[in-house]
Amino acid sequence: EKEFEKLLEQAISYCKSRENVFVLSIPDYGVTPFGKDKNPTKIADEIAAFNEVNKQIAEKYTITYFDVTKISKKAANDRSYVAEDGLHPAGKMYAEWSALVSIWMKNQINK
C-alpha cells in the first residue's frame, strides 16, 4: 500500500496534475497458459486483493481507475489475448485496454 501510494504521488508530481494520471488494475495471469498450473484461484484472489487496495488509493487521490482485469480474464477462453510466451498480454488485449483509456483521454483533451 505504501509503495503504491508513493508511486502514485510521484506520478502526480511528474504530470503536474492528477487529471493527467490514471491507474490500471493488475491483469489476472492465472488464466494464462503460464499461470494455469500455478494455483489460478490463489493468483486471482491475490490480484483481486491487490487491485482493491490500488483502487481505494486511486479513489483517495481522485485518480481515474481502469479495471482491465475483467478483460484479462478473457484469456481463459481465447488464447489470442496472450502473447506467444504464454504469460504476457497480446495485442488483442492491449487494444481493449487502449480503447478504455482512449475514451477517457479524449475527454481530458476536450476539457
Side-chain angles (χ1 to χ4, degrees):
E1 291 176 36
K2 292 179 193 252
E3 283 182 49
F4 179 77
E5 191 162 2
K6 185 175 180 179
L7 287 170
L8 188 57
E9 289 172 351
Q10 191 172 24
I12 293 166
S13 73
Y14 287 154
C15 291
K16 310 274 190 275
S17 170
R18 64 186 69 240
E19 288 89 29
N20 297 324
V21 177
F22 61 87
V23 173
L24 298 177
S25 65
I26 302 299
D28 184 354
Y29 72 91
V31 300
T32 67
F34 174 85
K36 70 178 181 167
D37 296 328
K38 295 176 176 47
N39 197 345
T41 301
K42 182 180 180 200
I43 291 168
D45 291 345
E46 290 176 352
I47 288 173
F50 189 83
N51 283 336
E52 185 56 36
V53 169
N54 288 348
K55 184 177 181 181
Q56 289 174 3
I57 293 170
E59 288 172 353
K60 174 182 169 183
Y61 283 80
T62 61
I63 300 296
T64 301
Y65 183 88
F66 295 100
D67 182 358
V68 298
T69 310
K70 291 176 187 171
I71 295 168
S72 73
K73 290 183 182 288
K74 292 180 180 181
N77 299 313
D78 187 343
R79 182 69 166 83
S80 66
Y81 279 88
V82 183
E84 289 182 22
D85 66 3
L87 171 62
H88 294 94
K92 185 174 184 177
M93 189 181 305
Y94 283 127
E96 289 194 34
W97 296 0
S98 295
L100 282 175
V101 175
S102 67
I103 294 166
W104 173 78
M105 290 178 71
K106 287 177 186 175
N107 290 333
Q108 293 300 99
I109 292 169
N110 293 329
K111 281 186 177 179

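All of these numbers come straight from a predicted model, not from anything done at the bench. For the numbers below, each heavy atom of this structure counts, side chains included, while hydrogens, waters and symmetry mates do not.
- Under the 4.5 Å side-chain criterion, counting only non-hydrogen atoms from C-beta, M93 is not in contact with H88.
- Interatomic distance, CG of D37 versus OG1 of T32, reported as 9.5 Å (0.5 Å rounding).
- For F66 and W97, the distance between ring centers is not under 6.0 angstrom.
- Linking ILVMFWY residues whenever their side-chain heavy atoms come closer than 4.5 Å, directly or via other members, leaves L24 and F50 in distinct clusters.
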Test log, rule side chain to side chain contact (heavy atoms under 4.5 Å, CB included), inputs E1 and Q56: CA-CA 10 Å; E1 291 176 36; Q56 289 174 3; over 6 Å; no
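- Put simply, CE on M105 and CZ on F22 are 6.5 Å apart, with the number rounded to the nearest 0.5 Å.
- For the pair D78 and K92, the salt-bridge criterion is met [side-chain N within less than 4.0 Å of a carboxylate O].
- Note that CH2 of W104 is 9.0 Å distant from CD of E19, once rounded to the nearest 0.5 Å.
- In this structure, L8 and V21 have side chains that are in contact, with non-hydrogen atoms separated by less than 4.5 Å.
- Across every non-hydrogen atom of R79 and E84, the tightest pair is NH2-O, 4.1 Å.
- Side-chain N or O atoms of T62 include none that pairs as donor or acceptor with a backbone N or O of E59 at under 3.5 Å.
- Between S25 and K55 there is no side-chain heavy-atom pair separated by less than 4.5 Å.
- Interatomic distance, D28 CG to E46 CD, rounded to the nearest 0.5 Å: 11.0 Å.
- Residues I47 and V53 do not share a hydrophobic cluster, clusters being chains of Ile/Leu/Val/Met/Phe/Trp/Tyr side chains in contact below 4.5 Å.
- Here the side chains of V31 and P40 are not in contact, with every heavy-atom distance at 4.5 Å or above.
- Within the 4.5 Å cutoff, side-chain heavy atoms of I12 are placed close to those of I63.
- The two residues S13 and Q10 come nearest to each other via the heavy atoms OG-O, 2.8 Å.
- Counting heavy atoms from C-beta on, the side chains of I57 and V23 never come closer than 4.5 Å.
- Side-chain contact between Y65 and N51 is present, with at least one heavy-atom pair separated by less than 4.5 Å.
- Cation-pi geometry between K38 and F34 is satisfied (NZ or CZ under 6.0 Å from the ring centre, within 45° of the ring normal).
- Linking ILVMFWY side-chain heavy atoms closer than 4.5 Å, directly or via other members, places I43 and I26 in a single hydrophobic cluster.
- A donor-acceptor pair under 3.5 Å is formed between the side chain of R18 and the backbone N or O of Y61.
- Using a 4.5 Å heavy-atom cutoff, the side chains of P27 and K73 are not in contact.
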